[in-house]
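Accompanying notes for the structure given below.
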Amino acid sequence: MTQESAVRVRFAPSPTGFFHIGSARTALFNWLYARHTGGTFVLRIEDTDSARNTPEALAALLEGMRWMGLDWDEGPEAGGDVGPYFQSQRTAIYAEYLQKLIDNGRAYEQDGAIFFKLLGERYTEFDKYKNAELEKVRTEPVTVHDAIRGDVTRAVETDFVLRRSNGDYGFHFVNVVDDIAMNITHVIRGEDHLSNTARHVEIYRALGAEPPVFAHIPLILKVDGKGKMSKRDEGSLIEEYVKRHFIPEAVRNFLCLLGWNPKDGQEIMPIAEIIERFDFDGVQKEGARFDEKKLSHINTEYLRALPVETFCWMAGPILAEAGVIDESTGEDYLHAVLAISQEKARDFEGLSELVRYFFTEDFTIDSGARERVFKKGEPMARLAELVPALEQLDSWLDSDIDHAILGLAEKKGQRKFDYFPIARLAVSGQAGGPDLLALLRVLGKERVIARMRGFAEAAT
RNA sequence: GUCCCCAUCGUCUAGUCAGGUCUAGGACACUGGAUUUUCAUUCCAGCGACCGGGGUUCGAAUCCCCGUGGGGACGCCA
């Protein structure tokens, strides 16, 4: 695995300003394969469309890659021997390869554009889809050897544009030229390119180059409805998960599982293990539907597994951003709150609401929680008994509080847990949250007594 | 419309390539129960699928064909 290999894969996005989940997974699979084989992962920017390619768009892309933990060996900021890694800077190379095809007799000019010339008998046919008379070519069908799907045979029957009349080069051409010039050995890309591949192979052959190994991975489909997930769909942008404070390793782990699996049911795995086990044999052929419930589950697992120090370090900025804490918040107190909250949290997105009452006296009493607590027993009576009992305490450890409540219960002929729900409600306004004893301890005696008194007064 | 790819629980999937061990396994979600001071965790149980039809075979989720369904490609977009 760590052995050097000749494998060279590439991820060739066109910067649009967003990092689409499908692109992210294509990048991920390429990266996994490179790391698995000890090969080289190349990042090539397909920025031929100058109109929509901005520095911001590129930055967004690179940021997304970094967030996902996908490091590239060659490309922007990394350099490499076969650059430049921006298509916009490679026109001289394209011109050179195009000249080869012209010299070959495999390219010709028409209406100011340069077309690729297919080999075979020509005839004219009315094409229903394009609703026009078209010149078609009876070509020898091309068989593509796909590492995931096996042999796929498809014929290309119309000449296509290599260079547009405005001087820009077409996608199919530059894509192949770059892959040849960059010595790409494995092309791992979305299944939407499968039909284009025959065209690409034609170009390889015309250029006298050996086609790489192709591996077409399944597409990510909409959660509901038809078709593949597009940038307009909810949840389709990596940026969204960044904003919602998902754990990048969790998102990456989830994406690995969309279309690939290790066959033994293992799902949550350190990336090193996934790298070791990743191969084309485990890649699915069918499109996969994006299931955010599962993503959330994996994210929660990662969250709970975080070392408490890491959890605190990650939570701080999020709580600050939500206005739950500020510079005046004590380090130790914050740490204590987070330490008892981590196991109850599902995600960073909901953490702020989960812990808000720790940091303000201006919290509300949840009506649903209130209803539940008041459903049975005499909570107000219990609360009235509780306040003086707690007030007497000199020491405020979990065990001290526990003993006090237990003693009180025995004296009053109640059960210990007759006091718990109302205590929690009075100090937090909630019916759920961290372990009650820990919660009271962290809140501190003063605050607990004050809140309980306040609650009792408000109720009368 | 033409061509290409695909087809197991609601979803992600194992099993398909090398037919029997599959009364089809796991995970998410959902439901119920146990534990529990709340919430959650954990544990147990339940729900739930081989798209249809033909064939081949002693035997098919697995192989073949047709149908249907889903996805994709058919730009002087990438």
Side-chain angles (χ1 to χ4, degrees), chain A residues 12-16 46-49 52-53 87 110-115 125-131 134 136 141 144 146 148-150 152-158 160-172 174-175 190-199 216 218-219 221-224 226-228 254 257-268 281-282 284-298 300 304 341 343-346 354 369 372-373 402 405 409 415-425 428 430-437 439:
Chain A
S14 126
T16 56
E46 306 217 334
D47 59 346
T48 48
D49 187 344
R52 58 180 196 204
N53 290 312
Q87 284 188 337
Q110 189 181 48
D111 302 331
I114 311 282
F115 282 75
E125 193 181 83
F126 184 78
D127 187 290
K128 266 189 166 175
Y129 179 77
K130 290 182 185 165
N131 196 31
L134 243 55
K136 299 200 170 175
V144 176
D146 190 282
I148 293 164
R149 285 148 214 283
V152 177
T153 304
R154 189 171 195 266
V156 189
E157 50 180 14
T158 53
F160 52 92
V161 172
L162 297 174
R163 197 186 73 183
R164 296 193 273 277
S165 52
N166 69 0
D168 287 350
Y169 290 90
F171 163 74
H172 300 300
V174 296
N175 199 260
E191 198 199 334
D192 49 343
H193 287 291
L194 186 56
S195 304
N196 293 149
T197 308
R199 206 176 266 123
H216 287 94
L219 266 22
L221 273 24
K222 282 185 210 279
V223 186
D224 38 41
K226 292 185 166 231
K228 57 177 175 177
F254 170 71
L257 263 17
L258 258 194
W260 173 83
N261 78 83
K263 311 240 180 214
D264 65 355
Q266 274 267 71
E267 295 195 318
I268 295 175
D281 197 47
Q284 202 70 12
K285 294 193 188 80
E286 196 189 2
R289 236 164 261 276
F290 190 89
D291 181 7
E292 199 187 303
K293 290 253 180 65
K294 186 117 180 187
L295 203 207
S296 292
H297 170 253
I298 292 175
T300 300
R304 302 243 163 102
S341 302
E343 60 170 341
K344 308 295 175 180
R346 294 200 66 80
L354 199 65
R372 260 185 289 165
V373 171
D402 193 31
I405 300 178
R415 290 172 309 171
K416 180 172 97 174
F417 49 78
D418 288 330
Y419 294 89
F420 276 61
I422 185 59
R424 177 185 294 281
L425 184 71
S428 74
Q430 300 295 314
D435 178 84
L436 181 67
L437 298 173
L439 164 62

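Every heavy atom of this structure was used, including side-chain atoms; hydrogens, water molecules and symmetry mates were not. Every chain is numbered from 1 and lettered A, B, ... according to where its sequence line falls, protein lines coming before strand lines.
- At a threshold of 4.0 angstrom between heavy atoms, the contacts of A:Asp127 with the nucleic acid are absent.
- Using a 4.0 Å heavy-atom criterion, one finds that A:Thr158 contacts no nucleic acid atom at all.
- Residue A:Glu286 is in sugar-phosphate contact alone, with no base atom involved, counting any heavy-atom pair closer than 4.0 Å across all strands shown.
- Taking 3.5 Å as the limit, the base of B:rA27 and the side chain of A:Lys294 contain a donor-acceptor pair of atoms between them.
- Among the atoms of the strands shown, none is found under 4.0 Å from any heavy atom of A:Gly150.
- Note on A:Ala288: only backbone sugar-phosphate atoms sit closer than 4.0 angstrom, heavy atoms only; bases stay farther off.
- Within 4.0 Å (heavy atoms only), A:His216 reaches no atom of the nucleic acid at all.
- Per the geometry, CG belonging to A:Asp291 stands 13 Å off P belonging to B:rG10, to the nearest Å.
- Nucleic acid contact class of A:Arg154 (heavy atoms, under 4.0 Å, all strands): base.
- Taking only side-chain nitrogens and oxygens, A:Arg289 never comes nearer than 4.0 Å to OP1 or OP2 of B:rC28.
- The listed nucleotides are B:rG72, B:rA78, B:rC39; the one nearest the side chain of A:Lys344 is B:rC39.
- As judged by a 4.0 angstrom heavy-atom cut-off over every strand, A:Asp264 is placed among residues making no nucleic acid contact.
- Between A:Asp192 atom CG and B:rC77 atom C1' the separation is 13 Å, expressed in whole Å.
- B:rU16 and B:rU31 have their P atoms separated by 34 Å, given to the nearest Å.
- A:Arg424 comes within contact range of at least one nucleobase, with a heavy-atom separation under 4.0 Å.
- Within 4.0 Å of A:Leu219, counting heavy atoms only, lie sugar-phosphate atoms of the nucleic acid but no base atom.
- Separating the NZ atom of A:Lys228 from the P atom of B:rC4 is a distance of 20 Å, rounded to the nearest angstrom.
- The distance between atom CZ of A:Arg149 and atom C1' of B:rA7, rounded to the nearest whole Å, is 12 Å.
- Among the protein residues, A:Arg304 comes within range of the sugar-phosphate backbone only, with heavy atoms under 4.0 Å from sugar or phosphate atoms but none that close to a base.
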